[in-house]
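Quantities reported herein were computed from a predicted structural model and do not represent experimental measurements. Throughout, a chain's letter reflects where its sequence line sits, starting with A, and its residues are numbered from 1.
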There are 2 protein chains.
Amino acid sequence: MNSNQQLLKGSLSVIILKLLEEQERMYGYEITQKVKALTAGQMAITEGALYPALHKLEAEGLLTTETQVVEGRARKYYSLTKDGHTEAVSRISELGIMLENLQRLLTLKPAI
Amino acid sequence: MNSNQQLLKGSLSVIILKLLEEQERMYGYEITQKVKALTAGQMAITEGALYPALHKLEAEGLLTTETQVVEGRARKYYSLTKDGHTEAVSRISELGIMLENLQRLLTLKPAI
DNA sequence: TCAACATACCTACAAGTCTTAGGTATACAG
DNA sequence: CTGTATACCTAAGACTTGTAGGTATGTTGA
């Protein structure tokens with residue numbers, strides 16, 4: 001089970017919020033590709049995790065959607081609401097602190 | 001729910017393995033205190049998560065235990081087995097990569 | 001032509017981890 | 001003698017994610 005593509009709990013929704021902070025509108029498939037590209041294929045968001053996460057963020061009022069047909073295929077674009085932006089800033093900062101702490105723990109030197 | 005003390009899924013067992021890499025023998029309560037100290041109180045391992053995690057690592061053969069009474073109280077010391085050491089090295093490296101990827105994603109600059 | 005692959009969405013179920021909320025017991029300080 | 005720190009533990013539930021499916025269109029190459 002522990003392929004190195006596994007995500008860390010709680011990070012997915014923050015990643016989504018972060019990507020939407022940097023790019024006004026994104027659709028699901030685009031998000032999976034972007035993450036793959038940005039991590040040189042080392043991280044992969046599964047669709048079974050992504051779509052429910054998107055729907056949850058939408059239900060929480062953090063995202064709005066707009067469906068559009070492009071090249072014969074339907075795309076559902078997501079963007080941040082005002083609340084979404086606020087939450088994004090807050091959650092990104094929290095996760096940042098968490099990552100710093102984890103990195104500090106992992107780079108400990110033995111206290112002889 | 002989202003107190004900033006939340007852990008990231010999968011990180012707890014790696015933290016345990018890492019601490020035991022740096023310190024031969026540790027007991028549960030000691031681990032909770034060490035993590036609190038090393039992160040300036042920003043991260044707290046709950047006992048409800050820690051003890052099951054320790055038991056699981058032991059069941060997997062990565063840790064061995066030795067109980068000892070100190071100052072009237074029983075302490076259960078955990079240390080790495082040979083397999084535990086191997087797994088520790090591997091999991092620490094994997095989590096490191098994951099943290100790097102997450103940090104890269106979180107520190108993205110907008111691509112105008 | 002038609003098979004395979006990329007694009008694009010979705011859900012149900014299971015697996016797994018963590019939090020919450022308890023429990024027991026000893027030592028020590030006020 | 002009450003509260004706090006130390007020290008262990010478990011059960012139940014919440015929550016997130018992975019697995020494994022499903023549908024459908026467009027493109028590419030054999």
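- Atom NE2 of A:H85 and atom CD of A:E21 lie 5.0 Å apart (nearest 0.5 Å).
- A straight line from CD of B:E60 to P of C:dG16 spans 10 Å, rounded to a whole angstrom.
- Atom-to-atom, CG of B:L57 to C1' of C:dT17 comes out at 13 Å; the value is rounded to the nearest Å.
- Put simply, CG on A:D83 and OG1 on A:T64 are 11.0 Å apart, with the number rounded to the nearest 0.5 Å.
- Between B:I97 atom CD1 and B:I92 atom CD1 the span is 12.5 Å, to the nearest 0.5 Å.
- At whole-Å resolution of the value, CG in A:L12 and P in D:dC15 are 16 Å apart.
- Interatomic distance, CD of B:E87 versus CG of B:L63, reported as 11.0 Å (0.5 Å rounding).
- We find that CD of B:Q33 is positioned 9 Å from P of D:dA7, with the value rounded to whole Å.
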Mind listing the side-chain donor-acceptor pairs of residues 50-62 of chain A below 3.5 Å, one per line with the distance, residues two or more places apart or on another chain?
residue, atom, partner, partner atom, Å
A:H55, ND1, A:Y51, O, 3.3
A:E58, OE2, A:T65, OG1, 3.3

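- OP1 or OP2 of D:dC15 has not a single side-chain nitrogen or oxygen of A:K56 nearer than 4.0 Å.
- The interatomic distance linking A:K36 (NZ) with C:dA8 (P) rounds to 13 Å, in whole Å.
- Over its full length, the helix from C:dT1-D:dA30 to C:dG30-D:dC1 turns its helical axis through 20°, comparing axes from the five pairs at each end and rounding to 10°.
- If you check the side chains of A:E30 and A:Q23, you find a donor sitting under 3.5 Å from an acceptor.
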With a 3.5 Å cut-off and sequence neighbours excluded, list the donor-acceptor pairs that the side chains of residues 66-73 of chain A form with protein atoms.
residue, atom, partner, partner atom, Å
A:E66, OE1, A:R25, NH1, 3.3
A:Q68, OE1, A:R25, NH2, 3.0

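- Between the NZ atom of A:K34 and the CD1 atom of A:I45 there is a distance of 12.0 Å, given to the nearest 0.5 Å.
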I'd like a list of close polar pairs between nucleotides 24-28 of chain C and the protein, N/O only, cut-off under 3.5 Å.
residue, atom, partner, partner atom, Å
C:dT26, O2, B:R73, NE, 2.9
C:dA27, O4', B:R73, NH2, 3.1

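- The separation between B:I45 atom CD1 and C:dT19 atom P is 9 Å, rounded to whole Å.
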Check nucleotides 9-13 of chain C against the protein and report each pair of N or O atoms closer than 3.5 Å, with its distance, or say if there are none.
residue, atom, partner, partner atom, Å
C:dC9, OP1, A:K76, N, 3.0
C:dC9, OP2, A:G28, N, 3.4
C:dC9, OP2, A:Y29, N, 2.5
C:dC9, OP2, A:Y51, OH, 3.0
C:dC9, O5', A:Y51, OH, 3.4
C:dC9, N4, A:E47, OE1, 2.8
C:dC10, OP1, A:H55, NE2, 3.4
C:dC10, OP1, A:K76, NZ, 2.8
C:dC10, OP2, A:H55, NE2, 3.4
C:dC10, N4, A:E47, OE1, 3.3
C:dT11, OP2, A:H55, ND1, 3.3

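- Contact between the side-chain N/O atoms of A:T46 and the OP1/OP2 oxygens of D:dG18 is found at a separation under 4.0 Å.
- With rounding to the nearest 0.5 Å, the separation of CD in B:Q103 from CG in B:L105 is 10.5 Å.
- Exactly one of A:L80, A:L12, A:V89 qualifies for a side chain to side chain contact (heavy atoms under 4.5 Å, CB included) with A:L17. That residue is A:L80.
- At whole-Å resolution of the value, CD1 in A:I15 and C1' in D:dT17 are 12 Å apart.
- Scanning for side chain to side chain contact (heavy atoms under 4.5 Å, CB included) contacts around B:T86 gives an empty result, with sequence neighbours left out.
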